[in-house]
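Counting convention: from 1, in listed order, for ligands and their atoms alike.
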Amino acid sequence: MKSLIRFGAAVLMIFAVRATSHAQARPLPSADVQKVYDRLLKQIDQIPIYDNHSHATFPDDSDMDAMASPPDESTVLRLRDSNPEFVAAAKALFGYPYDDFNPEHAKWLIDKKKTAEATGGTAYWDSILDKMNIETCLANRVVLAPYLDPKRFHWVFFVDSFLFPFDNHDQTGKNGDMGVYVPLQEKVLQRYMKQENVASLPADLAGYEAFVRQTLADNQKKGGVAMKFEAAYFRTLFFRDPPREKVEPIYAKYRSGGVPSEDDYRTFQDYIFRVLIEQAGRLKLPVHFHSAVGIGDYFSLRNGNPLNLENVLRDPRYSNVKFVLIHGGYPYTLDMIWLTAAKSVYTDSSLMGYYVYPSELKNILKQWISLYPEKIMFASDAFPFNDAVGAEETFWLAARSARTALAAALAELVSEGALTEEKALELARLYLHDNAAKLYGEMK
Ligand SMILES: [Zn+2]
């Protein structure tokens with residue numbers, strides 16, 4: 001009994017020492033940070049991922065995006081073909097037997113993927129997810145592909161096309177990027193009109209609004225779990241709030257022809273944008289925004305800055321809408337996490353997870369986790385770069401980078417005395433899986 005009491009006292013003392021050493025966080029990690037990292041990473045690897053944003057696709061599938069890379073895109077260092085990490089990805093996923101992507105070597109990989117595509121069925125992409133312990137994945141596409149298992153891949157559809165129903169000559173003429181993007185939006189709009197049996201633009205604004213609302217409802221019925229704006233590529237993310245009376249005559253004037261003035265077109269877009277947001281709230285469809293740097297030669301950082309959306313995110317009329325600002329607003333990642341202070345705003349680490357190396361992603365995640373850990377999600381933005389380096393390899397790169405960066409961010413916080421390891425793993429599960437599963441209603 002006595003020894004038991006002594007034992008109890010010793011335990012209490014250990015707790016006391018631990019509690020004191022953890023009472024106040026320190027600015028530098030202790031010498032144990034590597035060990036904590038190793039322990040955490042082992043556990044973090046076991047957490048199934050919910051991927052908030054991807055373009056899971058074979059490279060020759062034109063339904064993968066409503067956008068296209070314009071010519072002369074300048075690529076960041078990590079995404080150039082010369083990055084040896086892509087070889088590591090191909091080895092990890094397929095046992096790729098070479099150490100480079102020389103055309104005669106790359107052919108091995110291209111053939112493997114072409115065979116998978118020709119085989120058909122959903123087993124291939126399921127197996128890719130399995131290799132990275134990704135359980136569920138949102139697929140941002142024009143239409144969901146027959147080769148993606150609907151149990152694992154959920155559809156996010158595009159809505160920017162509703163902003164471009166008029167004569168777009170002035171829009172396409174703005175620059176080379178718009179010359180590529182806008183015709184693709186016109187095609188998506190045509191597709192939606194066909195889907196809804198709308199032969200030509202409705203006679204009045206009320207008719208057009210009804211068409212927009214119905215398309216969203218029907219896309220949701222087809223399995224759509226969220227809608228996505230790529231608007232930052234086309235215009236500012238600052239949307240004004242024009243009265244309907246101002247928009248009705250604009251629609252009437254241009255529905256059957258004529259090139260709208262810049263201001264008229266923008267007024268119309270600002271209004272239709274709000275119709276879309278309002279309908280998203282009614283349907284309980286989360287709204288995704290591209291909110292970060294973008295590809296192309298003319299992308300405007302100022303227009304794409306997520307702070308432009310603040311008036312919409314904080315508008316009490318939209319308090320029932322869930323906003324998901326994807327790509328972390330990169331490089332405005334600190335602004336972004338403060339935008340998620342608003343109740344219905346979320347963000348993810350897609351795109352920046354492979355633009356920067358894990359050491360930098362660690363810094364961003366550490367900041368985010370320390371502020372609003374319930375509002376951040378993993379996402380890959382997996383995308384095929386060419387016939388050899390596909391969405392498969394970018395899934396791998398994004399998932400590996402995020403798991404290691406997350407383990408490092410949490411290891412530092414544990415080692416600095418800010419968190420216990422148990423708490424760290426709880427936060428890891430939120431980021432990798434639970435926040436997204438909860439947002440899309442797949443968890444209680
Ligand atoms: Zn994307």
* To do: Would you mind naming the N, O or S atom of D381 nearest to the Zn ion (ligand 1)?
  => OD1

* To do: Considering only NZ, NE, NH1 and NH2 on the basic side and carboxylate oxygens on the acidic side, decide whether R213 and E209 come within less than 4.0 Å.
  => yes

* Test: D270 and K246 ion pair at under 4.0 Å -> no

* To do: Examine R78 relative to Y357 and say whether NZ or CZ is less than 6.0 Å from the centre of the six-membered ring and inside a 45° cone about the ring axis.
  => yes

* Check whether any N, O or S atom of H327, backbone or side chain, sits closer than 2.8 Å to the Zn ion (ligand 1). => no

* Going by an N to O cut-off under 4.0 Å, is there a salt bridge joining R152 and D130? -> yes

* Does H290 bring an N, O or S atom to within less than 2.8 Å of the Zn ion (ligand 1)? -> no

* Vertex the Zn ion (ligand 1): angle to NE2 of H53 and NE2 of H55, to 10°? -> 100°

